[in-house]
K.L.:
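To start, I am sharing the structure in question, which I have written as structure tokens.
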2 protein chains.
Amino acid sequence: MATGRNHRPATRSRGIPEATVARLPLYLRALTALSERSVPTVSSEELAAAAGVNSAKLRKDFSYLGSYGTRGVGYDVEYLVYQISRELGLTQDWPVVIVGIGNLGAALANYGGFASRGFRVAALIDADPAMAGRPVAGIPVQHTDELERIITDNGVSIGVISTPAGAAQQVCERLIAAGVTSILNFAPTVLNVPDGVDVRKVDLSIELQILAFHEQRKSGEDAEGPARKGPDGDMPAVMPA
Amino acid sequence: MATGRNHRPATRSRGIPEATVARLPLYLRALTALSERSVPTVSSEELAAAAGVNSAKLRKDFSYLGSYGTRGVGYDVEYLVYQISRELGLTQDWPVVIVGIGNLGAALANYGGFASRGFRVAALIDADPAMAGRPVAGIPVQHTDELERIITDNGVSIGVISTPAGAAQQVCERLIAAGVTSILNFAPTVLNVPDGVDVRKVDLSIELQILAFHEQRKSGEDAEGPARKGPDGDMPAVMPA
DNA sequence: CTCTGTGAAACCATTCACAGCG
DNA sequence: CGCTGTGAATGGTTTCACAGAG
């Protein structure tokens, strides 16, 4: 998972389940690919395969949006693309700022997937004065001093944090004070935010650690014996790394 | 979530729930910070706050690992760091290859969080011959032709894919054929893998789309009326973007 | 008397299986 | 007759609340 905190609680009646929301972008991507190949309709089975889920789940997901399919036929690709885009709020333009233009920030600025789907990089912000004015992905980097003005002037409500961990909380607070209410956090820290602000977290090393866990289980299938309680899995005198 | 497919089913008895595994790295990070400040013990309440979860969940999570706490006192920081590290398989060294050294691949190679926790970047691989030999993060980039040899020679079982979407499936297949059994995929595609191979996916644009969904709900709290079925939310003549 | 460890309850998500529409 | 849409069954996760260890 890559989600932070602050997930809309059980409030809101006609709500779409979080798990479903998280899959809509996947369906949208698969549908866009079909649309580009001018495929007119698609069955739940086919679309599910393209999105990497099973068809029952997909149909249940779509049932939360409404009845957009045709029994015996499938779904109209163009129509679904539009309905999902609208549901996700992608029919409007979302200006985004990226704070922290190191290696990762630059990668994000250059990432085509942003611009393609309703997101527009409104500004790049970095604390290093030496970066100021230098263009990254064709956009000039601005100094952190300008942060509040940039947010306000551009009506930015989504911010991306790709600073070092130490700077993240402070940047987060300034973004929120200036009006940002959704944050995508790449810094390896827990961000504390007030109610009403959504945070999603993407953490590279966490993902690797989860893989390592499963990887370990693959090899150690056999002599797995003692692992619980007591001084069997005891600590060595010298700590590893 | 950022997980792909292929999650170990209900097999394996004494298994730790996936949701718990996904949080262990969070606890570990919080504990490491405490350890660096030489804090000897911590209560479930304090540690939970530092990790951004609630304390009941944390205690339940730890209960799957064993009884590592002391009632009335809390947890021994150093001891827990070791136990969680061991459970995650971080007491051993994991050589990793990164395939696709564009902006993102370079960012990953430079990312300190890898090296710090048992992961070692064994090689950087790119399809562009012009990149070959050029050092990134102090490691020379090697050509894709070398992929199989590199995997074998270094005993790599974890691969990171940061290529363009079009190349990802093919790279994935070569990695698997060469012996990789865990993949962290940054390319915006669904990877098809055989059983026994774990895939986790990190998708920047998907995270943003999920934020946009919630963001949209914040403003449109009022005039939300019609959204279901029928030709109310009908498609415009011209498709957006 | 504090704080862990954990059954039991509540909640959410996935899967099954099939009625019924086109 | 094929495929969607959906109740009902199942399985997993979170939260509650408290017994009992230290």
K.L.:
Could you tell me if the side chain of Thr181(B) sits less than 4.5 Å from the side chain of Asp198(B), heavy atoms only?
P.N.:
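No, every pair of side-chain atoms sits at 4.5 Å or beyond.
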K.L.:
Could you tell me the separation between the CG atom of Asp61(A) and the C1' atom of dT6(D), rounded to a whole number of Å?
P.N.:
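Going from Asp61(A) (CG) to dT6(D) (C1'), I get 13 Å.
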K.L.:
CD of Glu18(B) versus P of dA13(C): gap in Å, rounded?
P.N.:
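Distance check: Glu18(B) CD to dA13(C) P gives 17 Å.
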K.L.:
Quick one: do the Gln169(B) and Thr189(B) side chains pair a donor with an acceptor below 3.5 Å?
P.N.:
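Not at all, the side chains of Gln169(B) and Thr189(B) share no donor-acceptor pair under 3.5 Å.
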K.L.:
Please state how far atom CG in Leu24(A) lies from atom P in dA13(C), giving the value in whole angstrom units.
P.N.:
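Taking CG of Leu24(A) and P of dA13(C), I get 13 Å after rounding.
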K.L.:
Just the rounded figure in Å: distance from C1' of dC12(C) to CZ of Arg23(A).
P.N.:
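From Arg23(A) CZ to dC12(C) C1': 12 Å.
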K.L.:
I need the full list of ring-ring contact (aromatic ring centres under 6.0 Å, His included) pairs touching residues 171-202 of chain B, with sequence neighbours left out, sorted by first then second residue.
P.N.:
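For residues 171-202 of chain B, and leaving out neighbouring residues, there are no ring-ring contact (aromatic ring centres under 6.0 Å, His included) pairs at all.
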K.L.:
Can I get a per-line list of side-chain donor-acceptor pairs under 3.5 Å for residues 26-34 of chain A, giving both atom names and the distance, sequence neighbours left out?
P.N.:
| from | atom 1 | to | atom 2 | distance (Å) |
| --- | --- | --- | --- | --- |
| Tyr27(A) | OH | Asp61(A) | OD2 | 2.5 |
| Arg29(A) | NH1 | Asp203(B) | OD2 | 2.5 |
| Arg29(A) | NH2 | Asp203(B) | OD1 | 3.3 |
| Arg29(A) | NH2 | Asp203(B) | OD2 | 3.0 |
| Arg29(A) | NH2 | Ser205(B) | OG | 3.3 |
| Thr32(A) | OG1 | Leu28(A) | O | 2.7 |
| Thr32(A) | OG1 | Arg117(A) | NH2 | 2.8 |

K.L.:
Do any of residues 35-50 of chain B sit with a heavy atom less than 4.0 Å from DNA chain C, and if so which?
P.N.:
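Per residue number, the list reads Ser43(B), Ser44(B).
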K.L.:
If only side-chain N and O atoms count, and only distance matters, is there a donor-acceptor pair under 3.5 Å linking Glu87(A) with Gln83(A)?
P.N.:
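Looking only at side-chain atoms, Glu87(A) and Gln83(A) do not form any donor-acceptor pair under 3.5 Å.
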K.L.:
For Tyr75(A) and dG5(D), is the shortest distance between a side-chain N/O and OP1 or OP2 below 4.0 Å?
P.N.:
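Checking Tyr75(A) against dG5(D): at least one side-chain N or O falls below 4.0 Å of OP1 or OP2.
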K.L.:
Is there a side-chain contact between Asn54(A) and the phosphate of dT15(C), meaning an N or O under 4.0 Å from OP1 or OP2?
P.N.:
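Indeed, a polar side-chain atom of Asn54(A) lies that close.
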K.L.:
Pick out the pairs of N or O atoms, protein on one side and nucleotides 18-22 of chain C on the other, that lie under 3.5 Å.
P.N.:
none

K.L.:
Start at the 5' end of DNA chain C and walk down; is the nucleotide closest to Ala56(B) or to Ala56(A) reached first?
P.N.:
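Residue closer to the 5' terminus by nearest nucleotide: Ala56(B).
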K.L.:
Taking only residues two or more places apart in sequence or in another chain, which ones pass ring pair (Phe, Tyr, Trp, His ring centres under 6.0 Å) with Tyr111(A)?
P.N.:
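Here the qualifying residues are Phe114(A).
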K.L.:
Any heavy-atom pair between the side chains of Leu65(A) and Leu24(A) that's under 4.5 Å?
P.N.:
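Sidechains of Leu65(A) and Leu24(A): in contact.
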K.L.:
What is the separation between atom OH on Tyr64(B) and atom P on dG5(C), rounded to the nearest whole Å?
P.N.:
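Computing the Tyr64(B):OH to dG5(C):P distance gives 14 Å.
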K.L.:
Could you check how far NZ of Lys60(B) sits from C1' of dT13(D), rounded to whole Å?
P.N.:
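Checked: the NZ to C1' distance equals 10 Å.
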K.L.:
When the distance from CG of Leu80(B) to P of dT4(C) is rounded to whole Å, what number comes out?
P.N.:
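My rounded result for the distance is 11 Å.
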K.L.:
Establish, from distance only, whether the side-chain atoms of Arg59(A) and Ser44(A) form a donor-acceptor pair under 3.5 Å.
P.N.:
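Yes - a donor-acceptor pair under 3.5 Å links their side chains.
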K.L.:
Within this structure, what is the NZ-to-P distance between Lys57(A) and dT10(D), rounded to whole angstrom?
P.N.:
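The answer, rounded to whole Å, is 19 Å.
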K.L.:
According to side chain to side chain donor-acceptor pair (under 3.5 Å), who are the partners of Gln92(A), at least two apart in sequence or on a separate chain?
P.N.:
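Not a single residue meets the side chain to side chain donor-acceptor pair (under 3.5 Å) criterion with Gln92(A).
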